[in-house]
There are 2 protein chains.
Amino acid sequence: MLVAREPVTLRALATRVGTSTMAVYTHFDGMTGLWGAVRQEGFARLARRLADVAATDDPVRDLAALGAAYAATAIEHPALYRAMFDAVADLPDPEAAGAAFGVLVAAAGRALEAGRFRAADPAAVATRQWASGHGLILLVISDVLPRTALDEHAPALLTAIFSAAGDDPPRCAASVRAGWG
Amino acid sequence: MLVAREPVTLRALATRVGTSTMAVYTHFDGMTGLWGAVRQEGFARLARRLADVAATDDPVRDLAALGAAYAATAIEHPALYRAMFDAVADLPDPEAAGAAFGVLVAAAGRALEAGRFRAADPAAVATRQWASGHGLILLVISDVLPRTALDEHAPALLTAIFSAAGDDPPRCAASVRAGWG
DNA sequence: AGTGTGGCATAACGCTGCTATACATGGCGA
DNA sequence: TCGCCATGTATAGCAGCGTTATGCCACACT
């Protein structure tokens, strides 16, 4: 899973696109601004990917599908995913990250309304799902865990979290299996 | 939670300890080797902290206590924790990380023997606990989640994971509460 | 006591991100 | 249509980085 991480230098980048280093300073604000734009674009793509997950009549299935889409996005571009969270605190426009999280919260809210979750805070469920997925994904793209660990542990973790939120365990497991695909 | 991250340059470091830059090349192997030694020491300390957690007659409580010790270690030195996982794949001696993980697996094994977990693979339970904690901790020390999120979500996540492993939910919650302290 | 070896200070090299300056090019007003 | 202004780019140079080559010094061993 570990991909070659060439240093991404300002000069190499300028030469690559056939311009001089100054272009990076006019269009972005130096390397700092460029990395900020990269992280921003990463979260924008993530939010789009999550928003593209169609809602069904099984909100728990949807939550699992969102998790799968999230993981797929991260695995497709692991270097980008790492960069996104390298300085997520000073994102130029944090709303993009908020939008991605909001999709998760909305799905958890639908699960609550549908009676699948019992008096649980949708934001808390989404946070727990997010944190678990984040950790698992990072361990995978850091070559600590093999890539197969995702399919082995993610559904189990999601089932554990959603069941703890009140869903009926067997039904929850079925929904997660369906959503994770 | 975000702490000031001065660049940690070779020159500044050499001046700080009153020597020249060459010392870093004789004792370590340049900056790369030095960072490797730092990560190594980080995992060694983590393993020691986990090994110092005394086992009780409640293995689920112990698992939660291990989680709390793990989180405390990370929160005490967030920059070190980030550095540890920055290149965990090429750790000089991976056994230190393996030892830390082994403590978790052993506790999960005791929970299985004690009949608290039902036919679950101890390593799988430990992996899920580790991944979840890792993600939650990273989000906290990256200032995505407030520090209070640890006490709010970690026990809930642990209870969810251990209950899914077969433990009786109310009893599990009590054990986690006791262990998390 | 003489010799050899290991470790450190010094200086220099190539690279980095960044900035100051000069030039070119495109649009707008007279 | 001509001239001017402004915007963006190329060039050159700066300080800083990690790394390496060289020379020296101090300690240990015969």
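So you know, we letter chains A, B, ... as the sequences are listed, proteins then strands, and number each from 1.
- Residues A:F43 and A:V88 meet the side-chain proximity criterion, which asks for heavy atoms closer than 4.5 Å.
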Contacts table for residues 19-26 of chain A: side-chain donor-acceptor under 3.5 angstrom, sequence neighbours left out:
unit_1 : atom_1 : unit_2 : atom_2 : d
A:S20  : OG     : A:M22  : N      : 3.2
A:T26  : OG1    : A:A23  : O      : 2.9

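- Among residues two or more places apart in sequence or in another chain, the ring-ring contact (aromatic ring centres under 6.0 Å, His included) test is passed with A:F101 by A:W130.
- For B:R116 (side chain) and B:A165 (main-chain N/O), no donor-acceptor pair under 3.5 Å exists by modelled atom type.
- For the pair A:R171 and A:D58, the salt-bridge criterion is not met [side-chain N within less than 4.0 Å of a carboxylate O].
- Distance A:F28 CZ to D:dT9 P: 11 Å, rounded to the nearest Å.
- Straight-line distance from the OH atom of B:Y25 to the P atom of D:dA21: 11 Å, rounded to whole Å.
- On the nucleic acid side, DNA chain C contacts chain A at distances under 4.0 Å to non-hydrogen atoms, with the end points of that region at C:dT16 to C:dA20.
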Any N/O pairs under 3.5 Å between the protein and nucleotides 10-12 of chain D? List them or say none.
unit_1 : atom_1 : unit_2 : atom_2 : d
D:dA10 : OP2    : A:T19  : OG1    : 2.8
D:dA10 : OP2    : A:S20  : N      : 2.6
D:dA10 : OP2    : A:S20  : OG     : 3.2

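- Legend: residues meeting salt bridge (charged side-chain N to carboxylate O under 4.0 Å, His left out) with A:E76, ordered by chain and number and at least two apart, are A:R49.
- Computed from coordinates, the B:L10 CG to D:dT20 P distance equals 11 Å when rounded to whole Å.
- Among the heavy atoms of the strands lying under 4.0 Å from A:T26 is at least one base atom, whether or not backbone atoms are also near.
- Every residue was checked against the ring-ring contact (aromatic ring centres under 6.0 Å, His included) condition with B:H153, not counting sequence neighbours, and none meets it.
- The CG atom of B:L13 sits 9 Å away from the P atom of D:dG18 (whole-angstrom rounding).
- Residues A:F162 and A:V176 have side chains in contact (heavy-atom distance under 4.5 Å, counting atoms from C-beta outward).
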